[in-house]
Amino acid sequence: VNLADPYHKLAVALISQDENNEEAKDIFIDCIDRYDREIINITDDYKLYLYKGIVFYYMKDFIESLDSINKAVKYNIKIPDDQIYFYLGLVYTSLNKDNDAIENFKKCIEINKKNIFAYYKLSLLYYKNNKIEDALSSLDAAIDIDKNFGDAFNIKGQILLEQNKKDESDKYLETAKQLNNGRNQKLPSYEKNLLAKEYLDNAIKLIELKKYSEAVKDLDDSIKINPNDEIAYFKKGVALRALNKLTESIECYNRAIEIN
């Protein structure tokens, strides 16, 4: 774990819930300074450039992000890292350079054929550029990997509806509603949803009381019931960070970001 990484992950988790979060913005600025200090000592560590580029991406400084991530490409010599190309895809998407974005998401998938988010982002770009069959193919690939990926079901349902395939569309849209892939979607069982929320609410109170170990136990119970609740993972990351378990904390922040 480098100097900036725990703060970087915390800031991403914060800004994922509120893009105007002032604390996250301050942390991002601090992260850039920390990464720069590490790069002075270790000039060829591609992950430092990648993480710095990711910070710039969340700061919406896409030119600086692109510059830094391209340096990560230069130093990523041994084992290709799919995250480099995933974030290049995100940056190019934000710059409205769709062809470049598509190529990088494809490279990401070549390296990691199970990156469902690359397939999903690719499908949106194909849809935007009226490549409907390619969009549907990418969504099918994402669904094949994760049958609980509600967003993919939802987009496919919307596309099928536009194609006047209402019966088929209804199946996908109904599946999307049933899956717990987002904060506003319902769990299959209302009672389970209430129980998970009770564990989560209690854990939040325990964190306020600085009873972090007890909070982690309640959050684990909440996650068992609702494994796609990004808030539970985020709060678990907070509690683990307070317990100085930085590696586990970062894993929780990463999972929260993946979910939403």
Side-chain angles (χ1 to χ4, degrees), residues 12-13 15-20 50 53-63 65-66 69-70 72-73 80-166 168-185 228 230 254-260:
V12 171
I15 212 160
S16 294
Q17 296 194 26
D18 176 10
E19 65 178 17
N20 296 312
L50 172 59
I54 293 171
V55 170
F56 276 125
Y57 169 75
Y58 280 102
M59 292 173 71
K60 298 186 178 179
D61 189 339
F62 302 122
I63 301 303
S65 177
L66 191 60
I69 299 175
N70 277 327
V73 174
D81 189 334
D82 66 299
Q83 289 300 297
I84 291 176
Y85 300 99
F86 179 74
Y87 277 97
L88 278 174
L90 292 181
V91 173
Y92 279 122
T93 299
S94 298
L95 291 170
N96 291 315
K97 294 186 176 182
D98 291 354
N99 290 334
D100 290 324
I102 287 169
E103 287 308 309
N104 278 283
F105 285 131
K106 283 182 176 179
K107 285 181 184 177
C108 174
I109 291 166
E110 284 175 14
I111 298 167
N112 179 5
K113 291 180 170 53
K114 293 190 178 296
N115 191 321
I116 61 171
F117 301 105
Y119 283 112
Y120 179 69
K121 294 294 185 180
L122 198 53
S123 74
L124 297 179
L125 286 166
Y126 282 139
Y127 176 69
K128 177 184 174 184
N129 289 278
N130 204 32
K131 296 180 179 180
I132 304 303
E133 292 307 314
D134 287 334
L136 290 172
S137 177
S138 295
L139 290 167
D140 285 340
I143 290 167
D144 284 343
I145 295 166
D146 185 354
K147 298 270 191 289
N148 293 317
F149 193 11
D151 288 347
F153 281 93
N154 180 53
I155 295 298
K156 184 169 182 180
Q158 298 290 346
I159 292 174
L160 291 170
L161 189 61
E162 290 180 6
Q163 293 182 320
N164 295 317
K165 297 178 180 179
K166 188 175 185 307
E168 195 176 354
S169 168
D170 286 346
K171 292 177 184 177
Y172 279 93
L173 293 175
E174 182 59 31
T175 300
K177 287 179 183 178
Q178 292 175 359
L179 290 170
N180 182 43
N181 194 59
R183 169 181 316 159
N184 296 320
Q185 293 173 319
N228 290 316
E230 75 271 17
N254 276 335
R255 181 61 184 140
I257 293 163
E258 287 172 1
I259 293 167
N260 185 13

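A quick note: this is a predicted structure, and the numbers were derived from the prediction, not measured. This chain uses plain numbering: 1 for the first residue, then up along the sequence.
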Reported CZ-to-OG distance for the pair Phe62 and Ser94, which is rounded to 0.5 angstrom | 3.5 Å
Can Glu258 and Arg255 be counted as an ion pair, charged N to O under 4.0 angstrom?
-> yes
Rounding to 0.5 Å, atoms CG (Leu136) and CD1 (Ile143) come to a distance of 9.5 Å
Hey, could you give me each pair passing salt bridge (Lys or Arg N to Asp or Glu O under 4.0 Å) that has a residue in residues 107-124? Not counting sequence neighbours.
-> none
Out of curiosity, Gln83 CD to Leu88 CG, how far, rounded to the nearest 0.5 Å?
-> 11.0 Å
Close side-chain approach of Leu66 to Leu95, heavy-atom, < 4.5 Å | yes
Does Gly150 offer a backbone N or O that forms a donor-acceptor pair with the side chain of Asn154 under 3.5 Å?
-> no
Nearest heavy-atom contact between Cys108 and Tyr85 is N-CB, 3.8 Å
Answer yes if the ring centres of Phe86 and Phe105 are under 6.0 angstrom apart, and no otherwise.
-> yes
Side-chain heavy atoms of Thr175 within contact of Lys147, under 4.5 Å | no
Can you tell me how far CD1 of Ile54 sits from CD1 of Ile84, rounded to the nearest 0.5 angstrom?
-> 9.5 Å
Considering all heavy atoms of both residues, which atom of Ile145 and which atom of Ile116 are nearest to each other, and what is their separation?
-> CG2-CG2, 3.2 Å
Sub-6.0 Å ring centroid separation between Tyr120 and Phe149 | yes
Does the side chain of Asn130 reach to within under 4.5 Å of the side chain of Ile132, using non-hydrogen atoms?
-> yes
Separation of Glu168 CD from Leu173 CG (nearest 0.5 Å) | 11.0 Å
d(Ile257 CD1, Phe117 CZ) to nearest 0.5 Å is 10.5 Å
Nearest heavy-atom pair of Phe153 and Ala176: which atoms, and what distance?
-> CB-CB, 3.9 Å
Not counting sequence neighbours, list each pair that qualifies as a salt bridge (Lys or Arg N to Asp or Glu O under 4.0 Å) and has a residue in residues 126-142.
-> Asp98-Lys128, Asp140-Lys156
So Tyr87 and Tyr57, would you call those rings parallel, tilted or perpendicular, with 30° and 60° as cut-offs?
-> perpendicular
Would Asp81 and Ile111 satisfy side-chain contact (heavy atoms from CB on, under 4.5 Å), going step by step from the backbone distance to the final call?
-> CA-CA 7 Å; Asp81 189 334; Ile111 298 167; over 6 Å; no
Of all the heavy-atom pairs spanning Asn104 and Gly89, show the shortest one and how long it is.
-> CB-N, 3.8 Å
Which atoms form the tightest heavy-atom contact between Leu125 and Asn129, and what is the distance?
-> O-ND2, 2.8 Å
Is a side-chain donor or acceptor of Ser65 paired with a backbone partner of Gly53 at a separation under 3.5 angstrom?
-> yes
Just distance, no hydrogens or angles: give the donor-acceptor pairs under 3.5 Å from side chains in residues 157-166, sequence neighbours left out.
from, atom 1, to, atom 2, distance (Å)
Glu162, OE1, Tyr127, OH, 2.9
Glu162, OE2, Tyr127, OH, 2.5
Lys166, NZ, Asp170, OD2, 2.9

Heavy atoms of Ser123 and Leu139 approach each other most closely as OG-CD2, 3.3 Å
